[in-house]
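Let me begin by presenting the structure, written as structure tokens, before commenting on it.
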Amino acid sequence: KSIVSTCQDCHMPDVTGIDAENAPVRDDIPLHTMVGANTFVPTILPFHPVFGAEVDPEILKEGVEEAVKMLRKAATLSVDLAGGNLTVRVTNETGHKLPTAYPDGRRMWLHVRALDAGRNVVFESGRYVFAEAELVGHRALAGDPDFDPYLRVWEAVMGISPDLAAILGLPPGPTSHLVFFNTREFDNRIPPRGFTNSAYAAFDGEPVGAAFADGQYWDEAVYPVGNDAVRAEVSLYYQTVSKEYIEFLRDENFSNAAGNILYELWEHHGKSAPVLMARGVYESDAAVVDDCRSEVLRLQTQLWKKYLKAWGRCFADEA
């Protein structure tokens with residue numbers, strides 16, 4: 001569909017088929033996939049000592065694959081390099097904030113690399129160390145060795161208000177405790193189409209620590225990559241759960257072994273590896289651009305020939 005107007009348009013898309021025995025074929029049957037963006041929990045469930053025997057690993061694997069497809073339709077990128085500055089726009093193509101859902105470690109970020117004419121990296125921000133499950137510079141402070149002042153992460157940070165903190169006997173401010181938080185300390189998630197500040201403020205959903213104009217459903221990040229940069233490579237990543245949140249669940253669970261079990265499953269089954277949502281490249285070398293254009297045209301020609309042959313075979317079979 002060119003217009004998304006309901007949750008079902010994305011999470012239960014229409015397909016062609018029959019919905020009952022002897023029913024007519026229809027092209028508006030909602031497919032009950034109900035897929036979202038979680039690529040972590042379905043991965044570990046088959047190995048969980050409590051739930052593993054109850055689940056079908058193959059179906060869960062299919063669910064993860066569908067979630068990746070969903071994520072790759074959720075945002076688009078545009079990249080521009082001029083005057084030593086790289087401007088990246090991330091456009092929200094969903095019907096809700098991006099990222100969305102309960103903020104238990106969910107986050108989205110940009111990994112940016114700029115290269116000079118010799119293809120040397122002259123700027124980098126947002127590097128993720130897969131082996132350690134660490135986003136370099138995230139939550140680092142000025143003066144820290146890995147501080148990255150240009151790191152762009154979209155997320156929500158929940159917190160405890162001073163009034164509630166006084167009642168609970170806990171310090172106010174950011175917390176990951178679901179039953180304790182009653183406020184948002186930070187929320188720069190990208191709004192969807194139709195966003196207005198007043199409408200979102202009415203249900204306590206307005207941006208916090210970030211500003212979006214009414215009608216804005218994108219965000220931009222500007223990186224001072226320098227005048228030597230001739231190429232930029234930009235990747236948009238999404239992660240279901242961060243290492244910090246998994247460690248929080250492990251360390252704050254004192255009643256049973258659930259926290260340690262979750263941590264071990266996370267550690268041995270991919271560490272909730274981030275998913276590449278979108279990628280953009282800016283190239284200013286005309287020779288490289290021409291080579292790439294020629295290669296793309298060559299591949300397009302090959303695919304077009306295969307397409308025509310497939311139709312020819314189809315018509316031949318029908319005859």
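Remark: side-chain polar atoms of Gln216 are not paired, donor with acceptor, to backbone N or O of Pro191 under 3.5 angstrom. Panel note: side chain Asp144, backbone Asp146; no donor-acceptor pair is recorded below 3.5 Å. For Asn182 (side chain) and Ser161 (main-chain N/O), a donor-acceptor pair under 3.5 Å exists by modelled atom type. Side chain of His269 to backbone of Leu265: no donor-acceptor contact under 3.5 angstrom is found.
For the atom pair OG1 (Thr43) and CG (Asn38), the distance works out to 8.0 Å, reported to the nearest 0.5 Å. Asn260 contributes atom CG, which lies 7.5 Å from atom CG of Asn253 (distance to the nearest 0.5 angstrom). Going from atom CG of Leu115 over to atom CG of Asp228 covers 11.5 Å, rounded to the nearest 0.5 Å. In this structure, NZ in Lys271 is found 14.5 Å from CD1 in Ile44, a value given to the nearest 0.5 Å. The distance from the CZ atom of Arg106 to the OG1 atom of Thr100 is 8.5 Å, given to the nearest 0.5 Å. Interatomic distance, OG of Ser125 versus CZ of Arg152, reported as 9.5 Å (0.5 Å rounding).
A heavy-atom distance below 4.5 Å is not found between the side chains of Pro174 and Phe186. The shortest distance between side-chain heavy atoms of Arg189 and Pro99 falls below 4.5 Å. By the 4.5 Å heavy-atom criterion applied to side chains, Asn197 and Phe195 are counted as neighbours. Residues Trp154 and Leu110 form a side-chain contact, since some pair of their non-hydrogen atoms from C-beta on lies under 4.5 Å apart. For the pair Leu86 and Val234, the minimum side-chain heavy-atom distance is below 4.5 Å. Residues Glu93 and Lys73 form no side-chain contact, since every pair of their non-hydrogen atoms from C-beta on lies 4.5 Å or further apart. Taking the side chain as every heavy atom from C-beta outward, Leu135 and Ser242 never approach each other to under 4.5 Å. By the 4.5 Å heavy-atom criterion applied to side chains, Phe123 and Val112 are counted as neighbours.
Using bins of under 30°, 30° to 60° and over 60° for the plane-to-plane angle, the ring pair Phe180/His177 lands in the tilted bin. Note: Tyr102 and Phe181 have parallel aromatic rings, judged against thresholds of 30 and 60 degrees for the angle between ring planes.
Residues Ala75 and Val90 approach most closely at CB-CG1, 4.3 Å, considering heavy atoms. Contact record, Tyr128 with Pro274: CE2-CD, 3.5 Å, taken as the closest heavy-atom pair. Residues Ala165 and Pro171 share a closest heavy-atom pair of CB-C, 4.0 Å. Scanning both residues, Pro49 and Ile261, for their nearest heavy atoms gives CD-CG2, 3.8 Å.
Hydrophobic clustering of Ile, Leu, Val, Met, Phe, Trp and Tyr side chains at less than 4.5 Å, counting indirect connections, keeps Val275 apart from Phe40. When hydrophobic clusters are built by joining Ile, Leu, Val, Met, Phe, Trp and Tyr residues whose side-chain heavy atoms come closer than 4.5 Å, directly or via intermediates, Trp218 is not grouped with Val79. A chain of hydrophobic side-chain contacts below 4.5 Å, direct or via other Ile, Leu, Val, Met, Phe, Trp or Tyr residues, connects Phe130 to Trp109. When hydrophobic clusters are built by joining Ile, Leu, Val, Met, Phe, Trp and Tyr residues whose side-chain heavy atoms come closer than 4.5 Å, directly or via intermediates, Met70 is not grouped with Leu98. Val241 and Leu60 fall within a single hydrophobic cluster, where Ile, Leu, Val, Met, Phe, Trp and Tyr side chains are chained together by heavy-atom contacts under 4.5 Å.
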Checklist entry - Under the side-chain hydrogen bond (donor to acceptor under 3.5 Å, both in side chains) criterion, do His111 and Glu233 qualify, and how do the steps go? => result CA-CA 8 Å; His111 178 212; Glu233 302 169 348; over 6 Å; no
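Checking each of Glu155, Glu134, Glu244 against Arg139 for a salt bridge (Lys or Arg N to Asp or Glu O under 4.0 Å) leaves exactly one that passes, namely Glu155. Among Asp187, Asn188, Asn92, the single residue meeting the side-chain hydrogen bond (donor to acceptor under 3.5 Å, both in side chains) criterion with Lys97 is Asp187.
Between Glu66 and Lys69 there is a salt bridge, since at least one side-chain N of the basic residue sits less than 4.0 Å from a carboxylate O of the acidic one. Of the charged side-chain nitrogens involved, none lies within less than 4.0 Å of a carboxylate oxygen, so that Arg113 and Glu124 do not count as a salt-bridged pair. Checked for salt-bridge contact, Arg184 and Glu206 meet the test: a charged N lies under 4.0 Å from a carboxylate O.
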